[in-house]
Amino acid sequence: MKKLTLLLLGPYLLLGGLGTVAAQEMSHDTMSPPKVLTITREFVKPGKGGMTHEKAESAFVQAFAHAKWPTHYLAVDSLSGKSRALFLSGYDSFEAWEKDVQAVAKNATLSAALDRAAGADGALLDGVDGGAFAYREEYSLRSQSDIPHMRYFEIAVFHVRPGHEKDWRDLVKMVTTAYEKIPDAHWVTYEAIYGSPGGTFIVFTPMKSAAEIDRAFAQGKQFEAAMGEDGMTKLSELSAAAMESTESNLFAFNPRMSYVSDDWIKADPDYWKPKMASPPATAPKKSEETAPAH
């Protein structure tokens with residue numbers, strides 16, 4: 001491990017984490033990653049997070065629950081980097097995403113409730129953006145996981161240099177081959193299709209506790225042993241050639257801001273059905289802005 005800096009070793013540890021992501025309705029013991037993942041990011045103003053943001057977000061949850069909406073989402077809060085919340089929804093296809101958006105627009109009662117919620121929520125935010133991502137099976141390993149019993153995501157973002165896609169493919173293949181020898185290692189990778197620069201890949205690692213971060217670092221020695229000295233040298237060369245930048249951050253699940261399926265609630269009712277924060281007593285007038293696509 002001494003042969004690599006933490007900056008260089010970090011991406012390999014993240015790729016060899018214990019995870020997958022799925023923000024779609026399915027049985028908790030057979031969860032597979034959705035083919036399409038949408039992510040809405042809300043950047044929260046200083047002092048406006050915590051219970052204040054949760055109260056505003058509860059209006060969205062209650063609106064979807066009242067409508068018995070079939071599409072669900074998972075909310076996670078940043079524990080590192082700029083203060084922000086992510087809202088993740090999974091779909092079988094881009095067509096399914098389109099149909100969901102169109103169905104919301106046609107539901108006047110739901111749309112009005114979301115507009116009111118957006119007005120209250122928007123006052124707490126510095127900005128909102130969103131993106132759509134496609135599941136890349138060839139860059140993933142053992143991609144099923146029990147998400148309802150997880151509590152954190154470690155999310156790594158990789159930006160591949162233009163023209164170096166082959167180096168990236170070779171890099172991931174080497175990492176995957178080495179981690180196939182480590183039974184606990186598995187992860188899921190998505191490629192940005194809309195909302196991010198080309199060549200952006202996101203790797204999700206779920207964790208039940210922060211102790212898994214310590215174990216992931218310990219796996220680095222197993223990884224180096226599986227790679228061998230020549231392999232580590234080649235890996236360093238490919239990393240320098242392929243990756244323009246990398247960044248990893250830690251996020252905590254927030255059940256109070258999530259709208260999850262009955263299967264998730266049944267899997268861990270004490271966690272997924274906490275006492276909800278009340279939405280603001282007086283909702284502002286309908287905002288001219290479009291409600292965030294949670």
Side-chain angles (χ1 to χ4, degrees), residues 21 23 38-69 71-89 104 109-130 147-155 204 206-213 248-262 264-294:
V21 60
T38 64
I39 304 177
T40 297
R41 296 192 303 177
E42 293 188 350
F43 296 90
V44 185
K45 292 179 180 178
K48 300 297 184 180
M51 291 185 63
T52 301
H53 193 210
E54 288 177 357
K55 287 181 179 179
E57 287 297 332
S58 69
F60 290 101
V61 176
Q62 291 176 20
F64 283 114
H66 185 266
K68 299 185 182 334
W69 207 250
T71 303
H72 301 93
Y73 60 85
L74 170 64
V76 298
D77 290 322
S78 62
L79 297 179
S80 62
K82 188 174 181 179
S83 179
R84 62 207 184 279
L86 310 184
F87 299 86
L88 302 91
S89 293
V104 171
T109 300
L110 176 58
S111 294
L114 296 179
D115 282 343
R116 290 192 295 270
D121 191 39
L124 309 178
L125 307 178
D126 277 333
V128 180
D129 66 18
I147 298 298
H149 289 103
M150 300 299 172
R151 298 296 178 261
Y152 302 94
F153 274 143
E154 193 172 51
I155 302 177
F204 292 85
M207 297 177 290
K208 290 183 178 180
S209 74
E212 295 184 35
I213 301 175
S248 61
N249 284 288
L250 188 63
F251 292 82
F253 289 15
N254 190 325
R256 288 171 295 279
M257 300 199 308
S258 301
Y259 174 57
V260 301
S261 70
D262 289 340
W264 284 38
I265 295 173
K266 291 176 184 177
D268 197 341
D270 291 339
Y271 181 76
W272 289 111
K273 203 170 183 179
K275 183 177 179 181
M276 294 299 301
S278 299
T282 303
K285 294 182 180 180
K286 182 175 178 179
S287 170
E288 295 180 355
E289 298 181 15
T290 302
H294 291 344

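Just so it is clear, the values below take in all heavy atoms, side chains as well, and ignore hydrogens, waters and symmetry mates.
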Evaluate the side-chain proximity of [Y] to [X]: yes if any heavy-atom separation is below 4.5 Å, no if none is.
{"X": "Leu250", "Y": "Ile213", "answer": "yes"}
{"X": "Arg151", "Y": "Lys208", "answer": "no"}
{"X": "Glu42", "Y": "Glu57", "answer": "yes"}
{"X": "Asp126", "Y": "Arg84", "answer": "no"}
{"X": "Asn254", "Y": "Val76", "answer": "no"}
{"X": "Pro206", "Y": "Ile147", "answer": "yes"}
{"X": "Tyr259", "Y": "Trp264", "answer": "no"}
{"X": "Met207", "Y": "Glu154", "answer": "yes"}

Smallest separation among heavy atoms of [X] and [Y], with atom names:
{"X": "Ala267", "Y": "Pro269", "result": "C-CD, 3.9 Å"}
{"X": "Asn249", "Y": "Ser80", "result": "OD1-OG, 2.7 Å"}
{"X": "Met257", "Y": "Ala75", "result": "O-CB, 3.4 Å"}
{"X": "Phe153", "Y": "Leu74", "result": "CE1-CD2, 3.7 Å"}

Let's go through Trp69 and Val104 carefully: what are the C-alpha distance in whole Å and the side-chain angles of both, what is the deciding distance for side chain to side chain contact (heavy atoms under 4.5 Å, CB included) to 0.1 Å, and is it a yes or a no? CA-CA 9 Å; Trp69 207 250; Val104 171; 3.4 Å; yes

About how many Å separate [atom2] of [Y] and [atom1] of [X], when rounded to the nearest 0.5 Å?
{"X": "Phe251", "Y": "Leu86", "atom1": "CZ", "atom2": "CG", "value": "4.5 Å"}
{"X": "Arg256", "Y": "Trp272", "atom1": "CZ", "atom2": "CH2", "value": "10.5 Å"}
{"X": "Asp268", "Y": "His149", "atom1": "CG", "atom2": "NE2", "value": "4.5 Å"}
{"X": "Ile155", "Y": "Leu88", "atom1": "CD1", "atom2": "CG", "value": "6.5 Å"}
{"X": "Asp77", "Y": "Ser83", "atom1": "CG", "atom2": "OG", "value": "7.5 Å"}

Could you tell me how the ring of Phe64 sits relative to the ring of Tyr73: parallel (under 30°), tilted (30 to 60°) or perpendicular (over 60°)?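 Perpendicular.
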
Pair Asp121, His53: side-chain N/O donor-acceptor within cut-off below 3.5 Å: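 Judged by distance alone, the side chains do pair up.
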
Check Arg41 with Asp129, please: is the shortest side-chain N to carboxylate O separation under 4.0 Å?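 Arg41 and Asp129: salt-bridged.
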
Once side-chain contact (heavy atoms from CB on, under 4.5 Å) is applied, do any residues pair with Lys68, and if so which ones, sequence neighbours excluded?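 Scan of Lys68 (side-chain contact (heavy atoms from CB on, under 4.5 Å), adjacent residues dropped) gives none.
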
Kindly say whether His72 contributes a backbone atom to a donor-acceptor pair with the side chain of Ser89 at under 3.5 angstrom?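 Side chain of Ser89 to backbone of His72, a donor-acceptor pair under 3.5 Å: yes, one is there.
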
Any donor-acceptor N/O pair, Thr40 side chain to Gly130 backbone, under 3.5 Å: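 Judged by distance alone, no pair lies under 3.5 Å.
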
